[in-house]
*Asks:* 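First the structure, which I've put down as structure tokens, then a few questions once you've had a look.
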Amino acid sequence: MHPLTQPLAGMATSELFAQYVVPNYGRFPITIARGDGSWVWDEAGKRYLDFATGIAVCPLGHRDPELMRTILEQSQTLLHCSNLYLNRPQGLLAQFISERMMGAPGKVFFCNSGAEANETLIKLARKFGSVRPGSAGPRFEVLTFEGSFHGRTMAGISATGQAKVKAGFAPLLEGFRHLPWNDLEAVKAAIRPETSAILLEPLQGEGGIRPASGAFLQGLANLCREHDLLLMFDEVQCGIGRLGHFAGWKAIPGAESIVPDAVSWAKGMGGGLPIGSAWISARPISAEPGATPLSDVLGPGTHGSTFGGGPLVASVALTVLSEIERRGLIPRATELGAQIVNTILSWNLPAVREVRGIGLMLGIVLQPGEPGATPTPGARLTEAAMSRGLLVVPAGSDVVRLLPPLNVSSEEIDQALAILKSSLASL
Ligand SMILES: Cc1ncc(COP(=O)(O)O)c(C=O)c1O
């Protein structure tokens, strides 16, 4: 008998979760049962426009024919081998990332999530700091920013500039300091002999859709060069075309020419399958002749992941990235984003303070609620939209994120906007 038809399936999904699933997420009370294109259906058959996409995970929406074909073909060929051996999809994916997404010489490490991709960057900063020590010995400190989010592992929450993710988990990993966002002078003042890297999201997602300014990013790049620090971008949420560029920071005016030392990507890269990646520049670690390329600092035995870059997920990610490019979805993200922002602003609704973001990573900033009061304005708008058939995602208490698939149609955007308008008016 199929496990789903056995007697225990008699429990409702909400009962299964209440009894058997660790309650670490605040979940909305609907069960998503299937998806197609920009739409998902719950168990009761109600249809929703998916402007959450698993929090920026499904750039091609659901049941994309090319993705389904790749999954079928690769699963009939080879699901897994091991990183003891080579596999061609991983090599081709690394080539695509370096050549097409970065356009700069470098190498890629593959893992399974955004947190692991950031762990890789943090380990790279430590290793770099040990082979390029400062006046006080090995350098280990990574400067990060208030409002940032870098994942839920111990290093991830230590790097994250939000107190709520750290509560109850002391002692944290040492070697992080969180500086005010977009404040170059604060960064200048903070650099000290043990500092080895600066890690930031070019557009903060969980922190409320807050973009870095081009001048800030360029200033950080200059500081990193001056002080021999690594400039590391966490593009887990804002990368993969959503901002109107594969490499999200290139969509920020004034930051187009920056070549960081390392970049983490995850979420949208696998189209719904778990993959994370850390691109590392091949620039030499010093000006000495024959100096090691930064991309070789994590040498054999220094890092690893059993499932990282396995043939199934690597071939799916390669399909996702090449289909995003082939279908022209990246320039479209810029156009559609501008259309959404202008429409929402044209409503002049008192509930909306601002619309922030770039391309198809947008945040509607609402009037703040009473401190500590629940539900927050963001949760209220999310629930109002959900009841009308639209999924969106809160980011902090007063911001609601719109993260549609990159292949969303103009008609679907119009439908979503109509729901948002009536939901905002109902607040
Ligand atoms: C910017 C950023 N970094 C890292 C992460 C962690 O990614 P994951 O949940 O895949 O570990 C997230 C997840 O939301 C994120 O938004």
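Just so you know, ligand 1 is whichever comes first in the structure, and atom 1 is the first atom listed for that ligand. We use all heavy atoms of the structure for the numbers below, so side chains are in, but hydrogens, waters and symmetry mates are not. Small disclaimer: the values here were computed from a predicted structure and weren't measured.
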*Asks:* For the 3.5 Å polar cut-off, considering only N or O atoms, please tell me whether Glu201 and ligand 1 meet it.
*Replies:*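 No, no N or O pair falls under 3.5 Å.
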
*Asks:* Would you say CZ of Arg192 has more than 12 non-hydrogen atoms from neighbouring residues, nucleotides or ligands within 6.0 angstrom?
*Replies:*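 Check passes, neighbour count above 12.
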
*Asks:* Please tell me whether Ser305 and Asn112 have a donor and an acceptor in their side chains that are separated by less than 3.5 angstrom.
*Replies:*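 A donor-acceptor contact under 3.5 Å links the two side chains.
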
*Asks:* Is the closest heavy atom of Arg152 to ligand 1 under 4.0 Å?
*Replies:*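 No heavy atom of Arg152 comes that close to ligand 1.
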
*Asks:* Is it true that Ile55 lies under 4.0 Å from ligand 1, counting heavy atoms only?
*Replies:*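 For ligand 1, residue contact (heavy atoms, under 4.0 Å) with Ile55 is absent.
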
*Asks:* Only heavy atoms of Val236, strictly under 4.0 Å: list the atoms of ligand 1 that pass.
*Replies:*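 Within the 4.0 Å cut-off of Val236, ligand 1 contributes 2 (C), 3 (N), 4 (C), 5 (C), 7 (O), 12 (C), 15 (C).
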
*Asks:* How far is atom 2 (C) of ligand 1 from its nearest protein heavy atom, and which residue and atom name does that atom have?
*Replies:*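 Result: Phe149 O, 3.3 Å.
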
*Asks:* Should you measure from each heavy atom of Ser113, which atoms of ligand 1 turn up under 4.0 Å away?
*Replies:*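 Near Ser113, the atoms of ligand 1 are 10 (O), 11 (O).
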
*Asks:* Go through the steps for Leu360 and Leu336 under the test side chain to side chain contact (heavy atoms under 4.5 Å, CB included), then give the verdict.
*Replies:* CA-CA 7 Å; Leu360 289 177; Leu336 294 179; 3.9 Å; yes

*Asks:* Tell me, yes or no, whether the heavy-atom count around Arg327 atom CZ, taken from other residues, nucleotides or ligands under 6.0 Å, exceeds 12.
*Replies:*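 Correct, the count exceeds 12.
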
*Asks:* Between Lys267 and ligand 1, does any nitrogen or oxygen pair lie at a separation below 3.5 Å?
*Replies:*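 Such a contact does occur with ligand 1.
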
*Asks:* Could you list the atoms of ligand 1 found under 4.0 angstrom from a heavy atom of Ala115?
*Replies:*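 The atoms of ligand 1 under 4.0 Å from a heavy atom of Ala115 are 6 (C), 7 (O), 8 (P), 11 (O).
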
*Asks:* Is the centre of the Trp181 ring less than 6.0 Å from the centre of the Phe216 ring?
*Replies:*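 When the ring centroids of Trp181 and Phe216 are compared, they turn out to be within the sub-6.0 Å range.
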
*Asks:* Pull out every atom of ligand 1 sitting under 4.0 Å from any heavy atom of His150, numbered as shown with elements.
*Replies:*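 Under 4.0 Å from His150, ligand 1 has these atoms: 3 (N), 4 (C).
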
*Asks:* Could you tell me which atoms of ligand 1, counted from 1 in the order shown, lie closer than 4.0 angstrom to a heavy atom of Gly151?
*Replies:*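 What qualifies from ligand 1 is 4 (C), 6 (C).
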
*Asks:* Please write down residue, atom name and distance for the protein heavy atom closest to atom 3 (N) of ligand 1.
*Replies:*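 I find the closest protein heavy atom is Asp234 OD2, 2.8 Å.
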
*Asks:* With a 4.5 Å limit on heavy-atom distance, are the side chains of Phe149 and Gln204 in contact?
*Replies:*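 Of all side-chain heavy-atom pairs linking Gln204 with Phe149, none is under 4.5 Å.
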
*Asks:* Taking only heavy atoms of Asn118 into account, list the atoms of ligand 1 that are under 4.0 Å away from them.
*Replies:*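 Answer, ordered by atom number: 3 (N), 4 (C).
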
*Asks:* Are Arg69 and Glu66 close enough for a salt bridge, meaning some N to O gap below 4.0 Å?
*Replies:*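 Yes, charged N to carboxylate O under 4.0 Å.
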
*Asks:* Taking it one step at a time, do Trp41 and Tyr48 satisfy ring-ring contact (aromatic ring centres under 6.0 Å, His included)?
*Replies:* CA-CA 6 Å; Trp41 283 257; Tyr48 304 82; 9.3 Å; no

*Asks:* I'd like to know if Asp42 and Arg34 make a salt bridge, using a cut-off of under 4.0 Å between side-chain N and carboxylate O.
*Replies:*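 Between Arg34 and Asp42 there is no salt bridge, as every charged N stays at least 4.0 Å from the carboxylate O atoms.
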
*Asks:* Which protein heavy atom lies closest to atom 10 (O) of ligand 1, and at what distance to 0.1 Å?
*Replies:*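 Nearest neighbour among protein heavy atoms for atom 10 (O) of ligand 1, to 0.1 Å: Gly114 N, 2.8 Å.
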
*Asks:* Could you list the atoms of ligand 1 found under 4.0 angstrom from a heavy atom of Glu206?
*Replies:*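 Listed by number with element: 14 (O).
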
*Asks:* Do any non-hydrogen protein atoms sit less than 4.0 Å from atom 8 (P) of ligand 1?
*Replies:*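 So atom 8 (P) of ligand 1 has protein heavy-atom neighbours under 4.0 Å.
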
*Asks:* Before signing off on this row, confirm whether Ala266 and ligand 1 have an N or O atom pair separated by under 3.5 Å.
*Replies:*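 Checking ligand 1 against Ala266, no N or O pair falls under 3.5 Å apart.
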
*Asks:* What residue and heavy atom of the protein are closest to atom 16 (O) of ligand 1, and at what distance?
*Replies:*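 Of every protein heavy atom, Gln237 NE2, 2.7 Å lies nearest to atom 16 (O) of ligand 1.
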
*Asks:* Is the distance between the ring centroids of Phe307 and His80 under 6.0 Å?
*Replies:*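 Under 6.0 Å, so yes.
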
*Asks:* Looking only at heavy atoms, what is the nearest atom pair of Ser423 and Arg388, with distance?
*Replies:*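 Scanning both residues, the minimum pair turns out to be OG-CD, 3.2 Å.
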
